[in-house]
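Working notes, beginning with the structure itself.
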Amino acid sequence: MSVATTAGPRPETDAGPRHAASDSGVGYPLTRASGLGLGLAMLWFSLLVLIPLTAVMVTASEAGWSGFWGTITNEQTAAAIRLTVGTALLVTLVNVVMGTAIAWVLVRDRFVGQRVLEILIDIPFALPTIVAGLVLLSLYGPKSPLGINVANTRPAVFLAFLFVTLPFVVRTVQPVLAELDREAEEAAASLGASRFTVFRRIVLPSITPAIAAGAALSFARGVSEYGSLVLLSGNLPHKTEVTSVRILSSIENDNLEGAAAVATILLVISLIVIVTVDILQRRLVRRG
Amino acid sequence: MADLSVQRGHYRRGPGAYALRLVVVAYLFLLVAWPLYLVGRNAFANGFDDLAAILTDPDAVHALNLTAQVALASVTINTVFGVGISLLVVRYRFPGKGVLNALLDLPLSVSPIVVGLALVLVYNGRTGWFGPALESIGLQVIFSGPGIVMATAFVALPLVIREVVPVLQEIGDEQEQAARSLGASAGQTFFRITLPAIKWGVIYGVVLCLARSLGEFGAVKVVSGNVLGSTRTATLMVEEKYLNFDRGGAYATAFLLALIAVAVIVSVTLIRPKDHR
């Protein structure tokens with residue numbers, strides 16, 4: 001089991017803080033055994049995540065700034081980056097509206113079959129991405145029962161992003177909405193505020209950090225998407241080719257430097273998102 | 001989760017509420033439910049023939065087996081690591097904890113292709129940072145089992161942590177301290193006090209981690225080499241079959257994977273206590 005549990009008995013008179021640590025800077029000082037556990041955990045985390053991600057950035061920098069710039073401004077690559085970021089932004093916008101609406105319906109409405117909706121929200125998260133592509137292809141592909149065929153077009157990229165990013169805004173907004181105090185809303189309504197005014201002036205300010213955190217996660221997920229596009233978008237250069245596919249073709253052509261340069265763009269986006277979400281979550285905790 | 005607390009605040013629904021409900025249901029139906037149903041129908045377009053063909057084809061069975069083994073390894077690693085690091089982050093203080101906390105979420109937002117590339121850059125046997133040294137002692141990582149496991153473990157890494165950390169924070173450490181002061185060892189305290197208290201968090205984390213591990217595609221595609229009957233996993237098989245016009249086989253395999261995903265989500269929704277989330 002966990003290495004961290006082998007910590008030796010701590011003297012009760014330990015000067016450590018009495019309360020459970022939930023903030024950084026709070027908690028017990030490391031004992032020898034827990035320090036060892038931390039060391040082992042960090043070793044694994046470094047070997048698996050930190051060193052490989054550093055290798056991406058180092059490899060990208062080896063070509064120098066002009067080499068890096070040349071790679072990412074290559075016409076085909078730049079088109080892929082524009083398509084990916086643009087579509088991810090658009091999808092995030094849709095998610096902000098629809099995700100909040102879905103969270104609202106799940107928390108405030110009651111009807112038969114609501115649990116089915118709960119399950120549907122999480123399915124894109126658990127479904128293998130290649131299967132997600134196939135799933136979308138069966139309704140929006142060549143044999144669509146609706147007569148809508150988006151396969152190998154830009155709307156396919158939009159659709160795939162929309163599918164895989166569905167849970168993020170819903171799942172960050174839902175718990176905040178559920179714990180919201182209804183009294184202020186009732187007071188405002190009794191003073192004659194319309195439903196929309198109540199939502200805009202009372203509910204929205206409280207859930208905005210959650211919406212923003214969900215939006216950031218959804219953007220990051222969209223930008224990094226690969227699997228669901230493979231069968232759906234056709235990966236046509238300049239048209240439906242996204243950044244991940246561009247990186248993969250560089251890898252397959254044994255151009256690891258080029259792949260690393262483009263990958264660095266995605267990594268920087270991920271890092272910005274992580275920092276943004278971290279800040280927003282701190283704000284959420286403070287409000288809660 | 002449909003929260004019980006909602007029932008308290010009964011209020012009149014206007015036409016707007018019904019319209020919103022309709023929009024949300026229609027959206028989810030068109031985006032998730034209907035497409036998912038069609039995959040099931042396509043998988044059984046020829047009765048059970050396609051499914052039977054998958055389950056009797058040795059290469060397909062090998063791919064499914066490999067996926068199961070890789071997922072098991074990834075889940076085991078991430079559970080031990082996840083529970084351990086959650087305890088350390090919540091109960092102890094050390095320099096750099098805030099940064100570590102943020103970095104632990106990083107794998108969720110890194111593109112699977114970038115994950116694969118990152119592992120190739122460090123572990124490939126020719127030009128990798130550690131690859132040649134590891135191969136000289138007989139350990140091949142890229143294009144082999146360890147690489148597939150690492151890629152899968154990478155993408156699923158935060159899932160157990162994200163479920164366990166909030167539970168650990170919520171339960172506090174008073175009971176643990178009490179057990180310690182009564183003379184329980186660290187191991188006893190963990191297995192008798194902490195683990196039972198965080199049990200559900202760990203179970204959700206493991207279940208989500210399992211789903212993610214079974215379904216990983218992009219990162220595995222980069223590191224595995226996709227060799228038929230050797231390093232081809234189930235998700236790679238779906239792509240290969242679809243592109244080779246074995247649509248029936250692709251849908252049948254996709255159906256199996258989707259079935260697992262849906263089962264995972266349904267079980268999490270059902271076992272999650274009402275007051276959770």
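Chain A is the first sequence line, chain B the second, and so forth, proteins listed ahead of strands; every chain is numbered from 1.
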In the structure I gave you, are the side-chain heavy atoms of [X] and [Y] within less than 4.5 Å of one another anywhere?
{"X": "A:Phe111", "Y": "B:Arg21", "result": "yes"}
{"X": "B:Tyr123", "Y": "A:Pro52", "result": "yes"}
{"X": "B:Tyr92", "Y": "A:Leu38", "result": "no"}
{"X": "A:Val164", "Y": "A:Tyr226", "result": "no"}
{"X": "B:Ile113", "Y": "B:Lys221", "result": "no"}
{"X": "A:Leu166", "Y": "A:Ile102", "result": "yes"}
{"X": "A:Leu180", "Y": "A:Arg108", "result": "yes"}
{"X": "A:Val223", "Y": "A:Leu266", "result": "yes"}

Picking from [options], which has the most non-hydrogen pairs under 4.5 angstrom with chain B?
{"options": "A:Thr129, A:Leu50, A:Leu256", "value": "A:Leu256"}
{"options": "A:Val131, A:Val273, A:Val135", "value": "A:Val135"}
{"options": "A:Pro145, A:Ser138, A:Ala220", "value": "A:Ser138"}
{"options": "A:Ser224, A:Ala126, A:Ala189", "value": "A:Ser224"}
{"options": "A:Leu136, A:Leu159, A:Leu162", "value": "A:Leu162"}
{"options": "A:Arg221, A:Lys143, A:Met98", "value": "A:Met98"}

Looking at [options], which one has more heavy-atom pairs under 4.5 Å with chain A than the rest?
{"options": "B:Val207, B:Val262, B:Leu104", "result": "B:Leu104"}
{"options": "B:Ile260, B:Asn42, B:Thr76, B:Leu103", "result": "B:Leu103"}
{"options": "B:Gly218, B:Ala118, B:Gly128, B:Ala250", "result": "B:Ala118"}
{"options": "B:Ser109, B:Gly116, B:Gly40", "result": "B:Ser109"}
{"options": "B:Thr253, B:Leu100, B:Leu208", "result": "B:Leu100"}
{"options": "B:Ala102, B:Gly215, B:Ser111", "result": "B:Ser111"}

Contacting region of [X] [heavy-atom separation from chain B under 4.5 Å]:
{"X": "A:Val58", "result": "side chain"}
{"X": "A:Met42", "result": "side chain"}
{"X": "A:Leu48", "result": "both"}
{"X": "A:Thr59", "result": "side chain"}
{"X": "A:Tyr140", "result": "side chain"}
{"X": "A:Val94", "result": "side chain"}
{"X": "A:Leu267", "result": "side chain"}
{"X": "A:Val230", "result": "side chain"}
{"X": "A:Ile274", "result": "side chain"}

Heavy-atom proximity to chain A below 4.5 Å, by part of [X]:
{"X": "B:Arg247", "answer": "neither"}
{"X": "B:Ala151", "answer": "neither"}
{"X": "B:Leu159", "answer": "side chain"}
{"X": "B:Leu157", "answer": "side chain"}
{"X": "B:Tyr27", "answer": "side chain"}
{"X": "B:Phe130", "answer": "side chain"}

Check: [Y] main-chain N/O paired with [X] side-chain donor or acceptor under 3.5 Å:
{"X": "A:Ser144", "Y": "A:Leu139", "value": "yes"}
{"X": "B:Gln188", "Y": "B:Arg180", "value": "no"}
{"X": "A:Gln114", "Y": "A:Val105", "value": "yes"}

Minimum heavy-atom distance between A:Pro167 and A:Ile121, given as atom pair plus value: CG-O, 3.4 Å
Ring geometry between A:Phe199 and A:Trp104 (parallel below 30°, tilted from 30 to 60°, perpendicular above 60°): perpendicular
Parallel, tilted or perpendicular: rings of B:Tyr251 and B:Tyr242 (30°, 60°): perpendicular
Salt-bridge criterion met for A:Arg171 and A:Glu118 (N-O under 4.0 Å): yes
Rounded distance [0.5 Å steps], CG in B:Leu88 versus NZ in B:Lys97: 9.5 Å
